[in-house]
Amino acid sequence: MTRSFLIRTPSLLIFIACLALFTIGVTLAAHYGLMSTSFVKTLGKTLCLCLAALAMDLIWGYAGILSLGHMAFFALGGYMIGMWLMYARTEEIVVASLLNSGLPATPEEIQQGIASQIFGVVGASDLPTIWSFAHSLPLQLALVVALPGLLALIFGWLAFRSRVTGVYLSILTQAMTLALALYLFQNDSGLRGNNGLSGLQNLPGLDAVSQDSISLWFFWASAAALALAYLTLSWIVSGKFGSVIRAIRDDEARVRFLGYSVEGYKLFVFTLTAIIVALAGALYYPQAGIINPAELAPIASIYLAVWVAIGGRGRLYGAVIGAAVVSLLSSWFTGGRAPSIPLGFMTINWVDWWQVLLGAAFVCVTLFAPKGIGGLFDYFTGLHTPDRKGAPLGPDQGSLQEKEAIE
Amino acid sequence: MRILLACLLALLFAAPLRAETAAEILSANAALVEKASRQTIAPVIDALGASGDPTAAQVLEAWGNKALGIRKSDGIFFLITANDGGYALTDLIGAPAGQAAKSDITELKPNAGVRGMIATALVQFTLSDPDALKRAAALESIAKDPKPEALAPLRAAITNESDAKLKAQKQRLERLLTLRFEPDSAARIKAIDSFGADLGLDLRAALNPLLATTKLAAAETPTTNIARELKPGRDLTEIEAYDLLVSANLAPARLTIEAARTALIANLVNGAVAGVPLADLNTQAARDRAYTALEAAGTVPQAATDDEAAAALKAHHFYDIYTEPDAAVTTAAASALQYIGHKVAAMQAADLALDGLSLASIYFLAAIGLAITFGVMGVINMAHGEFITMGAYTGYVVQLYVPNYTASILIALPLAFAVTFAVGVTMERLIIRHLYKRPLETLLATFGISIALQQILKNVFGTQARPLTSPAWLDGALNLNDVVSISYIRIAIFVLALLFLTFFLWLMKRTRLGLEVRAVTQNPTMAASMGINPDRINMLTFGLGSGIAGIAGVAIGLFAKVTSELGTDYIVQSFMTVVVGGVGNIWGALAGATMIGGLQKMIEFLNPSNTLAAQTYMILFIILFIQFRPRGIIALKGRAAGD
Amino acid sequence: MSQLLEVSGVTVSFDGFRAINNLTFSIGPAELRAIIGPNGAGKSTFMDIVTGKTKPDSGTVTFGEKSASLLKLSEAKIARAGVGRKFQRPTVFEDQTVTENLTLALKAARSPWRVLGWRSKPADHSRIEALAQQVGLADHLPRKAGELSHGQKQWLEIAMLLAQEPRLLLVDEPAAGMTLAEREKTTELLVDIAKTRAVVVVEHDMEFVRRLNCRVTVLHEGSVLAEGSLDHVTKNQDVIDVYLGRG
C-alpha cells in the first residue's frame with residue numbers, strides 16, 4: 001500500500017531529501033556565521049510562502065478553482081497568532097512596570113495596562129471582545145485554524161452552493177479579501193487599524209534567547225510544516241480524492257452525473273487549503289515581526305497564483321519551486337542588490353523595473369510555457385505531452401491546457 | 001452683559017438728547033468725545049445714531065475715519081481733510097469752512113474699541129445707504145453676527161427699501177432677529193411660525209440656540225424651563241449623573257482607583273496597610289477592605305461608597321434645562337425644528353439620490369469598457385485599471401502643452417481614447433488572442449500586464465500626484481437649496497455617462513459593427529461562416545473597451561488624484577459593477593453601477609464617519625446578492641446562458 | 001409490475017419557448033426503450049430533467065419502489081439514487097488513466113471524507129479489469145483517456161456507466177461515430193444490460209433502433225406523439241406526417 005503510494009509520487013522522496021539537505025545546509029551556515037540572521041529569516045519566510053503556494057496549487061492546480069483570496073487566510077492566521085504574541089509580550093512589560101508602583105498589581109490593573117499599551121495608538125483603552133482569548137496560547141492557536149477555516153467554510157458554502165464558477169468565483173474571492181482588508185483598516189475593528197500588530201518577533205518568556213536561535217527555530221518549524229504538508233497533500237492527490245478533484249477541474253458536470261457532490265468537494269478543498277494557508281501565515285508573521293491590513297490586499301493573493309503558475313500548476317513541487325524562486329528573486333531585485341543596467345539614454349534600476357520584468361515574465365509563462373518551471377523537469381526526464389490538437393482537457397474554465405498535462 | 005448695559009444706558013439717555021442735532025450732541029459732550037473710551041462713549045454714539053439728523057451718519061463716519069477735529073480756539077467740531085497748509089475744514093452740515101493750520105486743530109483719534117462701536121452705530125445708516133451694494137453688505141454683516149441692538153435699526157430700514165430683493169432679505173433677517181431677541185414672547189412665536197418649514201441654514205442657526213440645554217441635578221423640581229427629565233442609566237450614565245451631583249455640591253466625590261492607590265501607598269506602614277499585608281493587596285476587594293479600615297481609623301477622608309452613591313442618585317432628579325426661559329418660545333422652536341427636520345430629511349434623501357447617481361455614473365464610466373470586453377469576449381481584463389490611469393495621464397500631458405483648460409480637456413478626451421485604444425489593440429493582438437476560451441489564464445496574463453504597466457507609469461510619471469485641472473466653468477456647485485447641491489463636475493460626468501450610453505446603444509443597434517459584434521457574441525462559429533471575421537471584431541471590441549476606459553480616466557482624473565494607482569482604486573468596483581449587473585449587456589452595467597453607487601452612498605449615509613466600513617458592508621452585500629442572482633441583475637436566460 | 005421511472009405532466013419552457021409540453025412517460029425496472037423524434041423534439045431536455053440538470057416548471061418525476069420525487073434532488077443525488085447518463089459526445093476525464101476513470105465511476109461511497117480514506121481493494125481491481133475486458137479496453141488500462149480513439153472513449157464511457165451500477169441508464173445516441181461492427185456490439189451490450197435494469201436509448205438512426213427490437217416512444221414538440229413497437233409507430237399517421245413534413 002505505502003509502496004504504491006511512493007511509486008505513484010516519485011517526486012515525494014526527492015523533494016523531502018532536498019528539503020532536508022537545504023535545512024541542514026542553512027543550519028550549518030547559520031551556526032558558522034556564514035549566513036546572517038535576517039537571511040535565515042528570509043529563507044524561513046520563503047518556506048512559509050512555499051507552504052501557502054502548495055495549498056494554492058491544490059485548490060487551483062488540482063481542483064481548478066482560481067481563488068484570489070487565499071492570502072486573506074494567510075494574514076488571518078498571522079493575526080490570530082500575532083494577538084497572542086502581542087498580548088503576552090505586553091503583559092510581561094506591564095507586569096514589570098507595575099512592580100515598581102508601590103502596590104502589587106490587581107488583575108484589572110494589568111488588563112487595563114495591556115489594553116492601553118496595545119490600543120493607545122488608535123486612541124482606545126479597552127480590550128475589544130475579539131481579544132478575549134488572546135491571553136491563552138492554546139485558545140489562540142485553535143483560532144489560527146478555526147477562524148480562517150470557518151470563514152472559508154461560510155464563504156465557500158455561499159459561493160459554491162449558488163454554483164459560482166470560473167472568473168466569477170475569482171472576482172468574488174477577490175472581493176472577499178478586499179472586504180476583509182477594508183474592515184481591518186478601521187480603527188474600531190479591534191485589531192489596531194492600519195497600524196496592525198507589531199513586535200511579533202519577540203517571543204514572550206524568551207528574552208534570554210537571541211534572535212539568531214529564534215530565527216533558526218522558526219526556520220526549522222517552517223521546513224517541518226512544509227515537509228508535512230507536502231507529504232499529506234501528495235497522499236491526498238495521489239489517491240481517489242485527487243482523482244475526483246482533478247475530474248472536477250476538467251469537467252464538473254460529468255462528475256456530478258457520476259454521483260459526486262461537486263460542491264462538497266470544492267468546499268472541502270477550499271476549507272482545507274484555507275487552513276493550511278492560515279498555518280503558513282501563523283509561522284510567517286512571527287518571522288516578519290509585523291502584520292497590517294495591507295497584507296490582505298487582493299494583489300497579494302494574485303501573486304500567490306502567479307507563483308504557482310510560474311512554478312507549474314498541477315504538480316506540488318512546481319508550486320514550491322515557483323514560490324521560492326519568485327519571492328527570493330523579488331527580494332533580491334527589490335533589495336537593491338541587483339546591478340543596474342546602463343543603457344546610455346537611461347539606466348535600468350532594478351528596484352524600479354523589477355515589477356515590469358515580473359509582469360512581462362509572467363505574461364510570457366502564461367503564453368509560451370504553461371507548464372512553468374516544472375516543465376523543465378519534464379524536458380530533462382524526457383516526458384512529452386500527448387498531441388491533442390491543442391484542445392484543453394475539459395470544458396471547464398479551470399481545466400488544464402493540453403500543454404500543462406503531465407504525461 | 002456689557003451690551004445690555006449699553007442698551008440700558010442708551011435708553012436712559014436717548015430721551016433727553018433726541019431733539020438735538022449732531023453738532024449739538026457733539027459739543028454737549030465735547031469732553032467725552034475728545035477722550036473717548038469704550039466704557040464711556042456709548043451714550044454719545046447712541047444719541048448720534050438716534051438723533052434723526054441726516055448729517056449724523058457723515059459725522060460718525062468721519063469720526064471713525066479719524067477725519068473729525070476740534071478747533072482749539074472755540075471747541076467747534078469740523079470735518080477735516082489734511083492738505084499742504086494743514087487742514088481743509090468743512091462744517092458738520094457739509095459747507096466748506098475755510099482752512100486751518102495744523103496746530104489749531106485737535107484731530108480726534110478714536111481707539112479700535114470705539115471705532116467698533118461707531119461702525120455698529122453706522123449700520124443703521126448703511127442699511128438705508130443709497131448704494132444697494134453697501135446695504136447688502138450691511139445686511140450680511142448683521143446676519144453673520146446677529147445682535148439685539150441691530151433689531152431696531154433694521155426695522156426702521158425696511159419701509160424705505162426700494163430694492164425688492166433687498167427688502168425681502170431685510171424682512172427675513174428682521175424675523176430671524178425677532179425670534180431670538182424680541183422681548184415680547186408672542187411676537188417671537190409669530191416670527192417662528194412665519195417661517196413654516198423653511199430650509200435655510202440661517203433659520204436653523206437661529207432656532208438651534210433657542211433649544212440649547214444644560215444638565216441640572218436637583219432635589220426638587222425646578223421652576224425653570226425644563227426640556228425633559230433624565231433617568232440615570234437610561235439618558236445619562238450613572239457616573240455622569242453622579243458627577244453632576246458632585247459638581248453641584250450635592251454629594252461627596254467618589255473614590256477613584258487612582259486616589260485609593262495613592263492613599264494606600266501613603267499609609268503603608270511596616271509592609272502592611274491598616275493591617276492588610278502588602279502582598280495581599282493584589283485584588284480590588286482587598287484594597288477596598290484596607291481603605292475602609294483607613295476610613296474607620298480616620299486617616300483618610302470619607303469617600304462615597306457605591307451604596308451611598310446609589311442613594312444619592314435616587315434622592316435627586318436630573319433635568320435638561322433650556323437656557324431660553326420662555327417655555328412657549330422653546331415649544332414653538334422645537335416644533336418648527338421638527339417640521340424642518342422632516343423636510344430636511346426628504347431633501348437629504350434627494351441629495352443622497354443625486355450623490356448616488358453621480359457615483360453611479362462614475363462607476364458606469366469605469367465599468368463600461370470592462371463590461372464590453374467581458375461580455376463580448378469573455379475576457380476579464382485586469383489591466384483595465386491601468387487603462388483608466390493612462391487616460392488620466394494623457395490628460396495631464398496634454399495640459400502641459402495646452403494651457404487653456406477647456407481646450408486641453410477637449411483635446412485630451414479623444415487623445416486618451418486613441419492612446420488606450422492603441423494599447424488595447426496591441427495587447428489583444430500580442431497576448432489575449434492566444435488565450436481565448438481560457439478566461440482564467442487571460443485573467444492572470446492581463447494581471448501580469450497590469451503590474452508591468454503600473455510600474456512603467458510609476459517610473460515615467462513618478463509617485464506623486466499630477467494635476468489634471470478642470471476648466472473654471474466646471475468649478476463650483478449647483479445649489480438647489482441649503483440641503484441639495486451637486487457640483488458641476490459631477491453633472492458633467494453624469495452627462496458624459498449618458499452620452500456613452502447613447503453612443504453605445506447607437507453603435508450596437510444601428511451600425512454594421514454593432515451587428516457583427518452581436519453576431520460574434522451569440523455564435524462565433526456561425527458568424528464566421530457568414531463572412532464576419534471574429535478576429536477583427538474581437539480586436540475592435542477590445543480596443544473600444546480600452547478606449548472608453550481612457551476617456552473614463554480623463555473624467556475621473558478631474559476630481560481624483562492622478563497617480564499610477566488611480567485605476568486600482570476603481571478596478572474592484574468596476575468588477576463588482578459588471579458582476580452585479582450581469583454580463584454581456586449595457587443595461588446590466590448600468591443597473592450594476594446604479595445599484596453599487598446608490599448602495600454605497602446609502603451605507604455611507606447611515607454610517608457617515610466610516611467610509612471603510614461602508615465599502616466592507618457593500619462587498620458583503622454583493623457576495624450575498626450573488627447568492628440570489630448568480631448571473632447578475634440582467635442575466636441572459638435559458639439556453640443562451642450556457643448553464 | 002410497478003414502474004421504475006414515472007414522468008407525468010412535465011412542462012418546461014425557455015424564454016417562452018416550450019421545450020417540453022405536458023410530457024408523460026414511464027419505464028419498468030428491466031426494460032429497453034428507444035426514444036426517437038426530430039431535432040428539437042425535446043429529447044435532450046427530457047434527459048436533463050430526469051438527471052436533475054433542468055428543473056421543470058410543473059409536473060412530477062418519481063423514481064424507484066418508493067416513488068421518490070427526483071425534482072428536489074441535486075444531480076449528484078439523482079446519480080447516487082441510480083440514474084446513469086451517457087452523453088452524446090464521449091465525456092471522459094482525458095487527463096486521467098483508464099483505470100482512474102473507471103475507479104471514479106465504481107460504485108462506492110461518494111462523500112469527500114469516505115473518498116479520502118478509500119483505497120483500492122483486490123475486488124475493485126478485478127471489477128475494473130472485468131469491465132475493461134467487457135468493452136475491449138483491457139490492454140489500455142494504464143493509458144490516459146485522452147489518448148484513446150473516439151470509439152474507445154465511447155466504450156470507456158459505457159464501461160464507466162456500468163461501473164456505476166445504475167438502475168436506470170439514459171443513453172444519448174450511443175451509435176454515433178461507431179463502425180458497423182461496433183454498433184452490433186453496442187446493440188448486444190444494451191440488450192444484455194436491459195435484462196437487469198432499465199435502459200432508455202435516444203437515437204436518430206432507425207436501423208439501430210430496429211436492431212434494439214424494443215418499445216419505441218416518439219417525441220414531437222415536447223410531448224409523446226406515439227408509443228409502441230417500431231412497426232406500430234411507423235404506421236402511425238401522425239408520425240408519418242411529422243417525419244415526412246420535416247423532410
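The sequence lines fix the lettering, A, B, ..., with proteins before strands; numbering per chain opens at 1. We use all heavy atoms of the structure for the numbers below, so side chains are in, but hydrogens, waters and symmetry mates are not. Only a predicted model underlies this, so the values are computations on that prediction, with no experimental measurement involved.
Between A:Tyr230 and A:Tyr317, the ring centre distance reaches or exceeds 6.0 Å. A ring-centre distance under 6.0 Å is not found for C:Trp118 and A:Phe241.
For chain C, the nearby part of A:Phe268 is the side chain; its heavy atoms alone come within less than 4.5 Å. For a residue to count as touching a neighbouring chain, one of its non-hydrogen atoms must lie under 4.5 Å from one of that chain's; by this rule A:Val255 touches chain C with backbone and side chain alike.
Within a 6.0 Å sphere centred on NZ of C:Lys72, heavy atoms belonging to other residues, nucleotides or ligands number 12 at most. For C:Arg114, the CZ atom counts as loosely surrounded, since its 6.0 Å shell holds 12 or fewer non-hydrogen atoms of other residues, nucleotides or ligands.
By number of non-hydrogen pairs under 4.5 angstrom with chain A, the leading residue of C:Arg80, C:Met160, C:Glu75 is C:Glu75. Between chain A and the residues C:Arg85, C:Lys77, C:Glu100, the largest count of heavy-atom pairs under 4.5 Å involves C:Glu100.
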